[in-house]
Amino acid sequence: ASCIFTWVSRGLFERHKLIFLAQLTFNLMKRGTIGNDDWNEMQFQFLIRAPMKASDPNPLPWLPQNAWASTAALAELEDFGKF
């Protein structure tokens with residue numbers, strides 16, 4: 001994997017190297033090559049898509065409305081519903 005990253009990153013702009021590295025890492029995690037074996041596709045899709053949910057008004061004045069809407073959507077995932 002490091003050989004692939006080295007060869008491909010030579011042809012990329014600096015701003016695109018992190019995107020390529022993230023794609024490579026996510027694919028290796030999905031295959032179980034790195035990380036543990038509990039890959040959760042729903043959590044991955046949430047991370048990539050960053051959905052928002054219109055919900056109750058934001059009670060925290062220091063938290064932007066977009067972050068509050070994303071937190072409300074995150075609470076709908078089964079592992080995060082307790083928060």
Side-chain angles (χ1 to χ4, degrees):
S2 65
C3 181
I4 293 171
F5 176 75
T6 303
W7 280 97
V8 173
S9 66
R10 288 181 183 173
L12 295 175
F13 292 112
E14 283 297 318
R15 64 179 182 242
H16 297 138
K17 288 181 184 179
L18 186 59
I19 296 169
F20 175 69
L21 181 60
Q23 287 179 323
L24 184 64
T25 303
F26 290 143
N27 281 324
L28 290 173
M29 289 175 69
K30 192 181 286 190
R31 293 180 185 176
T33 306
I34 60 173
N36 49 14
D37 293 332
D38 59 347
W39 176 263
N40 188 324
E41 187 66 27
M42 287 181 59
Q43 292 175 0
F44 175 70
Q45 290 300 322
F46 183 89
L47 176 67
I48 296 299
R49 298 177 193 277
M52 295 185 185
K53 177 186 173 199
S55 65
D56 300 332
N58 183 355
L60 306 170
W62 52 267
L63 187 68
Q65 184 59 35
N66 289 344
W68 178 253
S70 293
T71 304
L74 180 64
E76 291 185 347
L77 291 179
E78 69 180 62
D79 291 338
F80 296 94
K82 302 171 196 149
F83 294 107

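Just so you know, these numbers use all the heavy atoms, side chains as well, and skip hydrogens, waters and symmetry mates. Predicted model, so just to flag it, every value in this text is computed and none were measured.
Applying the side chain to side chain donor-acceptor pair (under 3.5 Å) test to pairs two or more places apart or on separate chains, those with a residue in residues 11-22 are Glu14-Lys17. Residue pairs satisfying the side chain to side chain donor-acceptor pair (under 3.5 Å) criterion with at least one member in residues 20-34, sequence neighbours excluded, are absent. The salt bridge (Lys or Arg N to Asp or Glu O under 4.0 Å) analysis of residues 43-71, with sequence neighbours excluded, yields the pairs Lys53-Glu76.
For Phe26, the ring-ring contact (aromatic ring centres under 6.0 Å, His included) partners at least two apart in sequence or on another chain are Phe44. Residues satisfying the side chain to side chain contact (heavy atoms under 4.5 Å, CB included) criterion with Gln65, sequence neighbours excluded, are Asn58, Trp68. With sequence neighbours left out, Trp62 forms a side chain to side chain contact (heavy atoms under 4.5 Å, CB included) with Leu60.
Hydrophobic clustering of Ile, Leu, Val, Met, Phe, Trp and Tyr side chains at less than 4.5 Å, counting indirect connections, keeps Leu28 apart from Trp7. Transitive grouping of hydrophobic side chains (ILVMFWY, heavy atoms separated by less than 4.5 Å) keeps Val8 and Phe13 in distinct clusters.
Under a 4.5 Å side-chain heavy-atom cut-off, the cluster of Ile, Leu, Val, Met, Phe, Trp and Tyr residues that includes Leu18 has no other member.
Rounding to the nearest 0.5 Å gives a distance of 10.5 Å between OG1 of Thr71 and CG of Asn66. Rounding to the nearest 0.5 Å places CG of Leu74 at 12.5 Å from CE of Met52.
Scanning all heavy atoms of the two residues, the minimum distance from Ala73 to Pro51 falls at CB-O, 3.6 Å. Across all non-hydrogen atoms, the minimal contact from Pro61 to Pro59 is CD-O, 3.4 Å. When all heavy atoms of Ala67 and Leu63 are compared, the pair lying nearest together is CB-CD1, 3.6 Å.
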